[in-house]
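Report on the following structure.
For clarity, every value in this text was computed on a predicted model and none was experimentally measured. Per chain, numbering begins at 1; letters A, B, ... match sequence-line order.
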Protein chains: 2
Amino acid sequence: MSTSGDGAYHHGDLRRSLIAAAQALLRTGGIEAVTLREAARQAGVSHNAPYRHFPSREALLAAVAAEGFRILHRAQADAAEGAAPADRLKAFGRAYLRFAAEDRASFRLMFGGALDPADHPELAAVAKRTYGALESVAGDDATPGTGFVGRDALRAWALVHGLAHLVADRQIDAAEAEACLS
Amino acid sequence: MSTSGDGAYHHGDLRRSLIAAAQALLRTGGIEAVTLREAARQAGVSHNAPYRHFPSREALLAAVAAEGFRILHRAQADAAEGAAPADRLKAFGRAYLRFAAEDRASFRLMFGGALDPADHPELAAVAKRTYGALESVAGDDATPGTGFVGRDALRAWALVHGLAHLVADRQIDAAEAEACLS
DNA sequence: GGAGGAATGTGGACATTGTCAACATCGGGG
DNA sequence: CCCCGATGTTGACAATGTCCACATTCCTCC
């Protein structure tokens, strides 16, 4: 279907370039600065080329968010790999906090509620995968009735999630947050 | 300076009307749906009238966020009033979770990072007041060195904050979150 | 190897929006 | 009673998201 199997006709790999440009815009100017036309400009294509890869601005944002989930997932997998099973949850939490501190803008895009995963299947898939990994590490005290992990695991998740938001909002710094992981 | 001391020349109280319209837009369509022109339309004035009360769209959003902080502050004060000192922190948390559940859009505007309090003094003031009330209730185990509450209090705050975000994102429901408050 | 069609990119157009500048109107204080 | 500032209006402009018609490039199938 294409030379590289990924969509490389005229530009090379416009889809990837647009996502990279959007990431840069996101990190420097926040979500509002992510603009289809500016991403196209940075990729060196016309203002309408992005529509061959993303049906809307939201779809581009969703792709950037999905990429964020992939980065987070990899970081968590790396962190959990070298840890004893008992320390795995803590390692997960540390990786989470580190991500929130290092890429605040992506974190906010992923967890700030600007995107509804229901509208973006790919985003929903990677988000679900991340949560699934968390649940499996959080232990087997899942409560099938609620369709969710047990109360202690939920508390642990909420604690880390809240710390991450505080870190992303610069209300506490990363070291202070990590110190809270018992 | 005016008939009512609050700014009521031609329209009556345009500033308040604009905030109310913006709140409605926020709750139905999210932050992006809050538009100066639409707020003006709903208030029955021309598209430029809002500039007599808000220097920019962001300023209107900041005013809405500040109103959210006032609502939250009042709810917390009401909740803490009838509680024994030992239960006060829990009552605070419950009020916080209830607010996040009942007014998800405002919660996201207030804590989603879209607004930088440094740019909006009034918002910074009410936010600080809310945090101050929380600190005073969280007990006197504040750590002056960090300029912040002690580790246990921070943990408690982060837990509630994380639960509130999960509630606002509809990933858990309010009852489940409240059940996590020990 | 060449034609056809799909994938990709371009240019132009339109409505909406934030924002600025110039002008109109209203009301209270001198 | 008149003037000035507060408030509101009209007009304009640039940027943006999105749609449409058209051009170009590459793959596939005969």
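When the side-chain nitrogen and oxygen atoms of B:R41 are compared with OP1 and OP2 of C:dT17, one or more of them lie within a distance under 4.0 Å. For A:Y51, no side-chain nitrogen or oxygen approaches OP1 or OP2 of D:dG17 to under 4.0 Å. Between A:T35 and the phosphate of D:dA15, there is no side-chain N or O to OP1/OP2 separation shorter than 4.0 Å.
Whole-Å rounding puts the B:H53 NE2 to D:dG5 C1' distance at 14 Å. A:F54 places its CZ atom 15 Å from the C1' atom of C:dG9, with the value rounded to the nearest Å. One atom, CG of B:L14, and another, P of C:dT25, lie 19 Å apart when rounded to the nearest Å. Whole-Å rounding puts the A:E32 CD to C:dG18 P distance at 11 Å. Separating the CG atom of A:D13 from the C1' atom of C:dT8 is a distance of 13 Å, rounded to the nearest angstrom.
Using a 4.0 Å heavy-atom distance criterion, B:S46 is classed as a base contact.
Legend: ring pair (Phe, Tyr, Trp, His ring centres under 6.0 Å) pairs involving residues 55-81 of chain A, not counting sequence neighbours, sorted by first then second residue: A:F69-A:F111. Each salt bridge (Lys or Arg N to Asp or Glu O under 4.0 Å) pair with one or both residues in residues 61-76 of chain B, not counting sequence neighbours, appears once here: B:E67-B:R70, B:R70-B:E122.
A distance-only check finds a donor-acceptor pair linking the side chain of B:R155 to the backbone of A:C180 [under 3.5 Å]. No donor-acceptor pair closer than 3.5 Å links the side chain of B:S106 to the backbone N or O of B:D103. Remark: side-chain polar atoms of A:R37 are not paired, donor with acceptor, to backbone N or O of A:H47 under 3.5 angstrom. The main-chain N or O of A:R52 is never found under 3.5 Å from a side-chain atom of A:R15 such that the two would form a donor-acceptor pair.
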Check the interface with nucleotides 12-14 of chain D: list each N/O to N/O pair with the protein under 3.5 Å, or write none.
none

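Interface residues of residues 55-62 of chain B facing DNA chain C, ordered by number: B:S56, B:R57; criterion, heavy-atom separation under 4.0 Å.
Taking the side-chain hydrogen bond (donor to acceptor under 3.5 Å, both in side chains) definition, one finds that A:E178 meets it with A:R98, sequence neighbours left out.
Taking the six-membered ring for Trp and thresholds of 30 and 60 degrees, B:H161 and B:W157 have ring planes inclined between 30 and 60 degrees apart.
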Show which side-chain atoms of residues 124-134 of chain B pair as donor or acceptor with protein atoms under 3.5 Å away, not counting sequence neighbours.
{"unit_1": "B:T130", "atom_1": "OG1", "unit_2": "B:V126", "atom_2": "O", "d": "3.2"}
{"unit_1": "B:Y131", "atom_1": "OH", "unit_2": "A:Q171", "atom_2": "NE2", "d": "3.3"}

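Relative to the side chain of B:R52, the nucleotides D:dT18, D:dT9, C:dG18 differ in distance, and D:dT9 lies closest.
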